[in-house]
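What follows is a short report on a single structure.
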Amino acid sequence: MKKTTGKTIGTLMMVINLIIVLIAGTLVGWENAMYTIISLYGMSRVVDAIHTRHQKLTAFIVTTKTDEVVAALNNSLIRGVTIMPAEGAYKRRPGAVLMVVISRYELYDLEHVVKTVDPDCFVNLVSTVDIEGNFYDETEQLKVKQGQN
């Protein structure tokens with residue numbers, strides 16, 4: 001349902017349970033139904049906080065080892081990487097800013113790969129509200145990885 005509606009798991013859970021509680025409220029009484037609705041709301045927020053698969057992040061990676069970091073990211077993640085030439089303002093060293101959009105579950109892999117290749121890099125993570133275009137979920141990534149082997 002999450003894939004077809006685009007709503008979070010917590011929101012879907014709350015809507016389904018809300019319908020059940022409204023029916024029960026008409027049969028049993030509205031006082032108990034209101035307490036249940038309040039607890040359902042809290043529970044749905046907790047589920048959304050824990051279930052972070054739908055959350056997307058944009059990582060901006062500032063590095064002087066552009067080719068090595070891009071190669072390592074391509075080996076570990078099935079994600080597009082945009083390279084933006086950059087120059088540091090403090091030391092005037094040339095480098096690059098790499099931009100990649102990941103899911104929350106891929107954050108550890110990205111940080112591990114980037115820090116292994118370039119321990120001196122700078123990573124800025126930004127919450128991403130919406131994505132248009134191709135963004136492979138876990139199922140699509142698995143198919144691509146199996147096709148590479």
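What you see is a predicted model, and the numbers here were worked out from it, not measured in a lab.
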Please give me the minimum heavy-atom distance between [X] and [Y], naming the atom from each residue.
X      : Y      : result
Leu107 : Ile102 : CA-CD1, 3.7 Å
Ser76  : Val113 : OG-CG2, 3.4 Å
Gly80  : Val100 : O-CG2, 3.4 Å
Val21  : Ala33  : CG1-O, 3.5 Å
Thr116 : His112 : OG1-O, 2.6 Å
Thr66  : Ala96  : OG1-CB, 3.2 Å

Consider side chain to side chain contact (heavy atoms under 4.5 Å, CB included). Of Asp120, Asp118, Val123, Val114, which one does Thr63 pass it with? Asp118
Which residue in the set Leu73, Asp67, Val70, Val69 passes side chain to side chain contact (heavy atoms under 4.5 Å, CB included) when paired with Val117? Val69
With a 4.5 Å cut-off on side-chain heavy-atom distances among I, L, V, M, F, W and Y, is there a chain of contacts connecting [X] to [Y]?
X      : Y      : answer
Ile78  : Leu57  : no
Val81  : Val62  : no
Met99  : Leu110 : no
Val15  : Ile20  : no
Phe122 : Phe60  : yes

Keeping the roles fixed (side chain from Thr128, backbone from Thr58), state whether a donor-acceptor pair exists under 3.5 Å.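 Side chain of Thr128 to backbone of Thr58: a pair is present.
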Are any side-chain N or O atoms of Asn75 and backbone N or O atoms of Ala71, one a donor and one an acceptor, separated by less than 3.5 Å?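 At least one qualifying donor-acceptor pair exists.
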With side chains defined as the heavy atoms from C-beta onward, is the minimum distance between Asn17 and Met43 less than 4.5 Å? yes
Pairs under 3.5 angstrom only: tabulate donor-acceptor contacts from the side chains of residues 34-42 to other protein residues two or more places apart or in another chain.
{"unit_1": "Thr36", "atom_1": "OG1", "unit_2": "Asn32", "atom_2": "O", "d": "2.9"}
{"unit_1": "Ser39", "atom_1": "OG", "unit_2": "Thr36", "atom_2": "O", "d": "2.9"}

Do other residues, nucleotides or ligands put more than 12 heavy atoms under 6.0 Å from the CD atom of Glu87? yes
Nearest 0.5 Å please: distance from the CG atom of Leu22 over to the OG1 atom of Thr26.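 Separation between the atoms: 8.0 Å.
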